[in-house]
Structures are given as C-alpha cells and as structure tokens.
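To keep things clear, I will list the structure first and then write my remarks on it.
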Amino acid sequence: MRIRLLPPQLISQIAAGEVVERPASVVKELLENSLDAGATRIAVEVEHGGVRLIRVRDNGSGIPPDELALALARHATSKIASFDDLQQVTSLGFRGEALPSIASVSRLTLTSRTANEETGWRVSGDGSKAVDKPAPAPHPVGSTVEIRDLFFNVPARRKFLRTERTEFGHIEESIRRLALGRFEVGFSLWHNQRPVLNLEPASHPDGWAQRIAELCSREFIAASVFFDQSEGGLRLWGWLGLPTVSRAQSDMQYFLVNGRPVRDRVIAHAARQAYQDVLYQDRQPAMVLYLEIDPAAVDVNAHPAKYEVRFRESSAIHEFVRRALRAVLSKVRPGAAPPPMVQASERLGVIGGGDCGYGVTTQFGARQPGLPLHVGERLASYGRLHTVPLPAAPDNVIPASVAESPPLGYALGQLHGVYVLAENDAGLVVVDMHAAHERILYEQLKTTLIGAELKTQTLLAPVTLTVTPKERQLVEEHDALFAKAGLELAILGPEIIAVRQIPALLAGLDIALLVRDMLADLATHETSDRVETAVLALLASLACHGAIRANRPLNLLEMNALLRDMERTDHSGQCNHGRPTWIQLTVDELDRLFRRGR
C-alpha cells in the first residue's frame, strides 16, 4: 500500500468521528460556542432525538459576516492564538474542530448577527467540501445553528445510533450538565415541538438552589448540604447529598472544573472515599461539585470531545477534595448550623483564596496506637465505651422551664425496646438507639487513634509477592506512603517484593491482597487509603458488636445522655452502615396524619 495524503473532506469526517459521537455531542459543542459568545439565553429545538433536526439559538455576540465561512474551516478559532493560550484555557470550546466536523456529516446552516451589523448573515454547507458564500438574512443579535439529517452521508455511523428516546435522553443530560455550570444563563429545550426544559437565569444563590432542584430533583436539594471550602488557591463548593438520597448508580454525580462539566476519576474516587463512613458499600452518593483551580494547573485538552481533564498535581487535588468533603460530612449532625451560601456576586471561574479550617478527620499515618489483640481482648479493652454513660446532673435533667430545647429534645420513653422517643421544639424525634450508639462508639474509637504512636508488627515469615516492573517502580516511588501506613516493603528482585512489617491492628488480614490493591490505587490515583479503610472496617465491626442491643431498657437519664452524645458526634445522622439514626416528625406533619384542622 502506498502512503498518500487524505482528501480534506475525509479528514473532516474522521475528525467528526472523534468529536461527534451522537446528536448529544452536537448539542454540547454548539452550546459551548453559545456560552463562549456570552449568551444569556439559549434555546434548543430537536426532532427525532436530534437525528432529523437540531437548532440552537442564542443571544450572544454573534459572528461578523467576513468570518462566517472561516467558522466552518478546520482549526479556526477565536479562543486561542498561541501555545501559551493552550496552557491556560478559560473557554469551553477552543479546538476549532466542532463546526467543521459537524458540517462534514450533516446539512448545516449558520446564521449570525453582531451588534454592529444592521442585518444578519447566513452561510450553509451540505457535507461536501464547498461552503456557500454568506448571504444576508434577517436575525437578531446572536447566532442560530441548524443541523439537519445528521450522518446522512455516513450511514454506517447512523445505524449505530440508539432509539429516539435514548438519543434525546443523552441530549437532555448534556444540557443539564452545562446548565449546572452557568446559573446566569437561561436554557430552554423542545423535543418534537413539545417543551421539556425551561430554566430561567439565576443571579442569586436562592435561584441557584432552585435550578439544582429543577435539574437534580427537589428531593436532592431538600436532603443536601451546601458548602464552600478554599485552600491554597483551590476552591471547592457545591451541594452534597445526604446518605438518604444515595443511589444505586453514580448518575447523580456532577463534577465541574472551572465551570466545565467533566467526568473525572480523581474527583470521583476522592468523593467516594469521603462517603465511606456513611454509605453502604454498594450505594453511590449524590452530589454537585464545583472545583475552581488555576487554569494553568489543569489540562483541558486531554480528550477530543473535552469530556476529561488532567490535573498537574492529581494527588494534591484528590487529597483536597477528600478532606474537604469529609470535613463537611462530619459536621452533619443534629443542630449543626448549615454553611452559608456563597455571595451572589461570586461567579463560576473565580478562584477562591485563603485557607479553610477543617475539623479533625481520621488520618491513619505514621502515628496511631496499635491494638495487637484478638477480637475478644479488644472488646474487653474498650469495655468502657460499650455502655451508655450515665449523665451527670443537671445537664441531662429536663429543666422546669426551658426557653428552647436541644436539637434532639428530651426523651419521653422507649418504643419496643428499639426506639427512643423524644420531644423537641419542632415535634417528635424518633431515634434508633442501636444505630445511634454504634456511630458514637465508632467515632470514639477513631478518636483514640489520632495522634498516638503507630504500633507495628514484624512478620516472622515475610509475605512475598510477584510484581510487574511498573508495580516495582510504584513501590520505589511511594515508599514513604507505605511506611506511613505501617508497611515495610523490600525489593528482593526484578519481579519480587517482600512485606516485612505491617500495622499490628491488621494481623490476620490478607496482606498480599492489601498491597496489591494499594498498588492498583497508586497506578490510577497516585494515592491509596487501603490501610485506613481496613482499620476503619475493623473499628466499625467493634462498634457494632459493642453498641446497645434491642430490648435493653434505658432510663430517662441514659436516653437523654444518648441524645446529647449524638448532638456532639460527627456523622451522627447515620450509623456505620449508612442507615439513618433518627428522624424528625414535625407538629404540622403529625397534624396532617391525624387530619387536624380539616
């Protein structure tokens, strides 16, 4: 076979295969152009899932008539001009491939008008090399791009499209992701002449919450916590869903980096670790997260369709996200004041400064107490934690006259030996006493491991593992991380390593599997918390075994002591398995149950 230059049209169609995967890809690229043009209103109309028609109208700055044809040329863009610009991209689009790639596989019409022009101008193409000359056309300031008969000239691509409903679902999801990143822009979506979305611009935080409710459900916004954390030039803010709105899939996890919706494994993994103490292992948290970072510290050119980004210091980003989310979740407890909303004047893309103060989180590093005991001995050693502490008067005695009760109120009694019933200012509180005490014990056990010396155990017979050259390199590069986790690894040969020392707490675990899992984490995320996770699982098991059981009678003093401990304990809204520990029934809800006032 002879080497030959490909014709320009075939080059464009090959590029379209990278950029235009399906109709939703077209919508995404066109919306990004509208947003980069400063549009505050964008209307999207599609027919037959976007295969027959995609029309995007905006009120942005428009395109001058002498640049319309150039907009359909490959690698022509107004958003970057040099390599330095590529190093710190601030726009959503920048590659100059979207419009020509789309035009090569569809019948495209572009109509636009700038504020300096008395009329609009139109240019069109039909998938061939030729592009019509611009012609006058009535149009308000802004642009309209109309795409008809997508993939009409590449039937092999068209036959791989899914059903109309599925393709439209992808379009709607693309618009949702972009609408989450631009609260100040109004979006509307029509399918087959029927309205689907109508999002008004929101310049105030209250409007932001309203948009989140419309896009992610009112259930999510009602059971989520708003937060805003900054540290060392990084800012992370958004909404964290409580475990009550966790899902079977990760379909309610939205990550935006400098306003750009992305699918990022680093952020997703860090978020999952932050929730490890409050969710069932097979459940996925729901969240909307906004990370703001110096554009020079993130590569947005890592994927042709710009779905992914690459961080210069991914391990630092991972640790910042994990600590920030864990700190927020740890403060979700009865009576805790919700974090304030960010000011309305703040916009996406502005990097927050300053350091955020985090609450104490569990870090199993080079210093922690060892517990080289069997399970029965551990329980005996922590027996003092396994009974409800009797309170000292007068803190847990109901005062004769109280202006305002504590968040969980005061105990009224027990129900079936399982639930504690309490009265607070809002109404009735129902507490699962085993689940609540389990969380309290778990957090106490974790606290005992902070700041103390790590006890390690030297293995009489070292555990040997066969590794790949890449894994051996990871052992050499991350020896400090293994040492911090209490593991001493030695390289015995090109493909053999030995584990000579382990944390005493983990005696009896499959150490070879643990090390292999750590190496897999390091290869993917440049960090690993497998040792911490294993220790937490052990402590959670101890807390579960030590918590008060059903049918154990408690007096009012013990019940009130449990309520006060819950109010002081991190993560006290959920037990170690992710189940809720208490619920609130307001007086209004009780009145509705009994139809009072009707």
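For Asp251 and Arg247, the salt-bridge test passes: some basic side-chain N is under 4.0 Å from an acidic carboxylate O. Here Arg107 does not pair with Glu146 in a salt bridge; the nearest charged N to carboxylate O distance is not below 4.0 Å. Salt bridge annotation for Glu532-Arg530: absent, with no cationic side-chain nitrogen under 4.0 angstrom from a carboxylate oxygen. Between Arg162 and Glu167 there is no salt bridge, since no side-chain N of the basic residue sits under 4.0 Å from a carboxylate O of the acidic one. Between Asp299 and Arg312 no salt bridge is recorded (no basic side-chain N to carboxylate O distance below 4.0 Å). Ion pair Arg323/Glu231 flagged as a salt bridge, since at least one NZ, NE, NH1 or NH2 atom sits closer than 4.0 Å to an Asp/Glu carboxylate oxygen. A salt bridge links Asp432 to Arg579: at least one charged side-chain nitrogen sits closer than 4.0 Å to a carboxylate oxygen. Between Asp277 and Lys446 a salt bridge is recorded (basic side-chain N to carboxylate O distance below 4.0 Å). With salt bridges taken as basic N to acidic carboxylate O contacts below 4.0 Å, none links Glu214 and Arg211.
Screening Leu189, Leu178, Ile147, Ile171 against Val27 for a side chain to side chain contact (heavy atoms under 4.5 Å, CB included) leaves a single residue, Ile171. Exactly one of Thr109, Thr144, Thr111 qualifies for a side chain to side chain donor-acceptor pair (under 3.5 Å) with Arg122. That residue is Thr111. Between His318 and the choices Glu313, Arg265, His269, the side chain to side chain donor-acceptor pair (under 3.5 Å) rule is met once, by His269.
Using a 3.5 Å distance cut-off with no hydrogens or angles, the side chains of Gln210 and Glu200 do not pair a donor with an acceptor. Thr527 and Asp521 share no side-chain donor-acceptor pair at under 3.5 Å. Side chains of Thr163 and Thr166: a donor on one and an acceptor on the other come within 3.5 Å. Side chains of Glu184 and Ser203: no donor on one and acceptor on the other come within 3.5 Å. A donor and an acceptor atom, one from each side chain of Trp190 and Glu47, are nowhere located under 3.5 Å apart. In this model, a donor atom of one side chain and an acceptor atom of the other lie less than 3.5 Å apart for Gln276 and Thr533.
Under a cut-off of 6.0 angstrom, the local environment of CD in Glu219 is sparse, with at most 12 non-hydrogen atoms contributed by other residues, nucleotides or ligands. More than 12 heavy atoms of other residues, nucleotides or ligands lie within 6.0 Å of CD in Glu567, so this atom counts as buried by the packing criterion. Other residues, nucleotides and ligands place more than 12 heavy atoms under 6.0 Å from the CZ atom of Arg158.
The closest donor-acceptor contact from the side chain of Ser330 to the backbone of Ala327 lies under 3.5 Å.
Residue Ser34 comes nearest to Val56 through the heavy atom pair OG-CG1, 3.9 Å, listed as atom of the first residue, atom of the second, then distance. Minimum heavy-atom separation, Leu150 to Arg22: CD2-C, 4.4 Å.
Aromatic pair Trp239/Trp208: ring centres not closer than 6.0 Å.
Applying the side chain to side chain contact (heavy atoms under 4.5 Å, CB included) rule to Ser143 yields the partners Asp58, Ile63, Ser112; only residues at least two apart in sequence or on another chain are considered.
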